[in-house]
2 protein chains.
Amino acid sequence: MRQTKRDELVRKALETFYRNGFHATGMDLVAAETGVSKTSMYKHFRTKEDLIVAVLRLRDENFRNWLYRRMEELADTPREQLIAMFDALEEWFAEPGYKGCMFIKASSEYQESDHPIHRQSADHKSMLEAHITQLADRAALADPGTLARQLLLLKEGAIVTAHLGHTDNPAQDAKAAALQVLDAHTR
Amino acid sequence: MRQTKRDELVRKALETFYRNGFHATGMDLVAAETGVSKTSMYKHFRTKEDLIVAVLRLRDENFRNWLYRRMEELADTPREQLIAMFDALEEWFAEPGYKGCMFIKASSEYQESDHPIHRQSADHKSMLEAHITQLADRAALADPGTLARQLLLLKEGAIVTAHLGHTDNPAQDAKAAALQVLDAHTR
DNA sequence: GACATAATGAACTGATCGGTACACCTTGAT
DNA sequence: ATCAAGGTGTACCGATCAGTTCATTATGTC
């Protein structure tokens, strides 16, 4: 039952890393912002990178749960849920602290493809792809694998474009494109 | 004519920052890899961030020149050139040292939207958007502004997906989606 | 040959980096 | 009352960070 303190550390570290970046955030700042002593932090995690991996695991769980739930709340059929993904994204982009995708940023700061942090980020994207493919399949759409990857290209594009901030409403641009791509996969 | 040394510094610093990341690269490493003494570096640029801005300016020039030229080489009509963008991207992704988009990474490491580095990155994307919009207009396609933004969403998505590396050929997935989006904008 | 300009190497500053050492405190179960 | 587990605060380690100082060396112009 004493998992609490460790969980709190990871939860608050997530916010700090998300807001501040990985290399730009020192472990002293993490300690200060989580309220957990450096000594304890290093009892739970041997290195900073281990902590980041744990943070990404939590982020993966949170984000996928949120996105899947929101898609189901916004639409009833699998086909409509695929499109609703972009309305969910629009909500996310509108949040005050929106700072892009944590996994894209993580893989940008830890670039070697065999680095645990990079791998963890790629795994997150793979799990998303599997879920969306399954949804496209249930919607009886042609070539569900390709379709899922294409919808996710639009998603990733919208995420980084929303973060760059040079464009008004990338989520709705993506949604319109998604409708057209989805039409092309309808027999 | 003595612009040479400064140019060489910026050119080589670009490689170092691209390969290594921004925060992860110290100025001592930049000095070592460029062969320019730290003293000289700081005569040309007051701060590290000033150097990074100069690097991004060069990158913007190089990348836009390369992409526009390649699109023209690969296709004759504006419409075909829009699609050829994704073949050009595929070539880029296949290069040995491919490490994603320098501007996405820069804006991820300098997140505040009014930071000069973030601004510079957003400006690069805006200039791309203007060019692609113009091309869509010359191709007599409906709603060229929206179409351009949608094609660029696919481009950004393909860039980050290629860097994550969990997918086979994001450039061709994007190209297929682009064809469908483009069809929808054909009257 | 004198002179300004540009560049160099190397040592240095104070701050911060990731990570450790150590002595102390709190908690709950026995 | 005791004991172990988990947590704390503080000071510290050597390395590296961005940026500076300074004396020296090329370079080309007049």
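These values consider heavy atoms only, across backbone and side chains, with no hydrogens, waters or symmetry-generated copies. Just so we're on the same page: letters track the sequence lines, and every chain starts at 1.
If you take CZ of A:Phe45 and C1' of D:dG7, they are 15 Å apart, rounded to a whole angstrom. Rounded to whole Å, the distance from NE2 on A:His44 to C1' on D:dG6 is 8 Å. The distance from atom CE of B:Met41 to atom P of C:dA10 is 16 Å, rounded to the nearest whole Å. For B:Phe17 and D:dA18, the CZ to P distance is 8 Å, given to the nearest whole Å. If you take NZ of B:Lys48 and P of D:dT16, they are 15 Å apart, rounded to a whole angstrom.
A:Asp137 meets the salt bridge (Lys or Arg N to Asp or Glu O under 4.0 Å) test with no other residue; sequence neighbours excluded. For A:Lys48, there are no salt bridge (Lys or Arg N to Asp or Glu O under 4.0 Å) partners, not counting sequence neighbours.
Under the 3.5 Å distance criterion, the side-chain polar atoms of A:Gln150 are left unmatched by any main-chain donor or acceptor of B:Ala176. Here the side chain of B:Tyr42 pairs no donor or acceptor atom with the backbone of B:Ser37 at under 3.5 angstrom. At distances below 3.5 Å, not a single donor-acceptor pair connects side-chain atoms of B:Lys125 with backbone N or O atoms of B:Phe103.
Here A:Ser40 reaches the OP1 or OP2 of D:dT8: one of its side-chain N or O atoms lies under 4.0 Å away.
At a threshold of 4.0 Å, the pair B:Arg79-B:Asp183 counts as salt-bridged, since one of the basic side-chain nitrogens sits closer than that to a carboxylate oxygen. A salt bridge does not link B:Glu90 with B:Lys175: none of the charged nitrogens is closer than 4.0 Å to a carboxylate oxygen. A salt bridge is absent between B:Arg11 and B:Asp7: the closest approach of a Lys/Arg side-chain nitrogen to an acidic carboxylate oxygen does not fall below 4.0 angstrom. Salt bridge present: A:Glu73 and A:Arg69 bring a charged side-chain N and a carboxylate O closer than 4.0 Å. Between A:Lys12 and A:Glu8, at least one side-chain nitrogen of the basic residue sits less than 4.0 Å from a carboxylate oxygen of the acidic one, meeting the salt-bridge criterion.
Within 6.0 Å of CG in B:Asp168 there are 12 or fewer heavy atoms belonging to other residues, nucleotides or ligands.
When side chains are defined from C-beta on, A:Lys155 does not count as touching A:Ile132, because their heavy atoms never get closer than 4.5 Å.
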For nucleotides 20-24 of chain C, tabulate all protein N/O to nucleotide N/O atom pairs closer than 3.5 Å, reporting atom names and distance.
residue, atom, partner, partner atom, Å
C:dA21, N6, A:Thr39, OG1, 3.3

Can you give me the N/O atom pairs linking the protein to nucleotides 3-5 of chain D at distances under 3.5 Å, or say none if there are none?
none

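The stretch residues 18-37 of chain B comes close to DNA chain D through B:Thr25, B:Gly26, B:Met27, each having a heavy atom under 4.0 Å from the strand. Using a 4.0 Å cut-off on heavy atoms, none of the residues of residues 49-58 of chain A approach DNA chain C.
Less than 6.0 angstrom separates the ring centroid of B:His118 from the ring centroid of A:His163.
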